[in-house]
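As structure tokens, the structure follows; a few thoughts come after it.
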Amino acid sequence: MEQELIPTGATTSFSMSFSATPHAVRLARRFTEQRLDRWGIPAGCPAARTVALLVGELAANAVRHGSAPGRGFTLAVSMPARPARDGGEGTEGGAVPLRIEVTDARADRYPVPRPAGGEERESGRGLLLVDAFAAAWGVAAHPAGKTVWCECLLHPAEMAPRM
């Protein structure tokens with residue numbers, strides 16, 4: 001899936017590097033939730049939960065399949081600087097595109113989605129979740145290894161605070 005949804009121009013973004021550990025996956029999710037809250041997407045709303053799920057799956061894949069000794073992963077999240085619900089850019093229907101990128105050290109190991117089924121397995125479903133919840137996803141070469149990215153559309157109704 002190579003369709004990119006975020007137009008070039010002004011974006012709000014952050015990037016942070018993490019060690020290649022399971023604890024770092026949790027930190028990446030938590031940091032993303034906090035940053036989204038600062039951007040006006042309340043923690044716990046459906047949009048924030050979806051983004052946290054996607055960050056967790058991509059980060060977990062980087063730790064499990066993309067790490068090299070002494071090298072971690074980098075998480076980057078970006079979206080238009082002024083979401084559509086505030087009068088800025090967005091897609092038709094007011095949805096706001098958000099892009100997640102996780103860069104790891106293993107250019108030789110590209111992700112391959114496993115077929116659905118095999119419910120007895122404890123792992124191997126991460127990319128199926130990414131495919132189900134993201135509007136688009138893909139892999140790009142990076143000087144440090146590879147970047148696995150996904151984009152999702154955040155609809156205004158999904159960005160409302162929990163009641």
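When reading the values below, keep in mind they use all heavy atoms of this one structure, side chains included, and skip hydrogens, waters and symmetry mates. Residues: numbered from 1 along the sequence shown. Because the structure is predicted, anything quoted here is derived from the model rather than measured.
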If every non-hydrogen atom of [X] is compared with every non-hydrogen atom of [Y], which pair is closest and at what distance?
X     : Y     : value
Val63 : Phe73 : CG2-CE2, 3.7 Å
Ala48 : Ala43 : CB-CA, 4.3 Å
Ala24 : Ser19 : CB-O, 3.0 Å
Pro42 : Gly40 : CD-O, 3.4 Å
Pro97 : Pro80 : O-CD, 3.1 Å
Ser13 : Ser78 : CB-CB, 3.6 Å

### Message
For a side chain to side chain contact (heavy atoms under 4.5 Å, CB included) check, start with the C-alpha distance between Leu127 and Trp137, then their side-chain angles and the critical distance, and finish with the verdict.
### Response
CA-CA 9 Å; Leu127 288 177; Trp137 72 275; 4.2 Å; yes
### Query
Can you name the side-chain hydrogen bond (donor to acceptor under 3.5 Å, both in side chains) partners of Arg30, sequence neighbours left out?
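Applying side-chain hydrogen bond (donor to acceptor under 3.5 Å, both in side chains) to Arg30 gives none.
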### By side-chain hydrogen bond (donor to acceptor under 3.5 Å, both in side chains) - contacts of Thr32 (at least two apart)
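Counting only residues at least two positions away or on another chain, Thr32 forms no side-chain hydrogen bond (donor to acceptor under 3.5 Å, both in side chains).
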### Euclidean distance, Trp149 CH2 relative to Thr103 OG1, rounded to 0.5 Å
13.0 Å
### Task
Spell out, as yes or no, whether a donor-acceptor pair under 3.5 Å connects the side chain of His142 to the backbone of Ala144.
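Present.
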### Message
Ala76: which residues meet the side chain to side chain contact (heavy atoms under 4.5 Å, CB included) condition with it, sequence neighbours left out?
### Response
Ser15, Glu101
### Query
For Ala140, which residues count as a side chain to side chain contact (heavy atoms under 4.5 Å, CB included) partner, sequence neighbours excluded?
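Residues passing side chain to side chain contact (heavy atoms under 4.5 Å, CB included) with Ala140: none at all.
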Anything under 3.5 Å between a donor and an acceptor, one on a side chain of residues 50-62, the other on a protein residue two or more places apart or in another chain? List them.
| residue | atom | partner | partner atom | Å |
| --- | --- | --- | --- | --- |
| Thr50 | OG1 | Pro46 | O | 3.0 |

### Task
Apply side chain to side chain contact (heavy atoms under 4.5 Å, CB included) to the pair Ile41 and Met79, showing each step before the final yes or no.
CA-CA 12 Å; Ile41 302 170; Met79 62 187 285; 4.0 Å; yes
### Task
May I have the step-by-step check of side chain to side chain contact (heavy atoms under 4.5 Å, CB included) for Ile100 and Leu75, ending in yes or no?
CA-CA 7 Å; Ile100 302 163; Leu75 167 68; 3.9 Å; yes
### Message
What I'd like to find out is whether the side chain of Leu98 reaches to under 4.5 Å of the side chain of Leu36, using heavy atoms alone.
### Response
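Side-chain contact under 4.5 Å: yes.
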### Query
Got Val96 and Met159 here, is their nearest side-chain heavy-atom distance under 4.5 Å?
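Counting from C-beta outward, Val96 and Met159 do come under 4.5 Å.
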### Task
Could you tell me which residues satisfy ring-ring contact (aromatic ring centres under 6.0 Å, His included) with Phe14, sequence neighbours excluded, listed by chain and number?
Phe31, Trp39
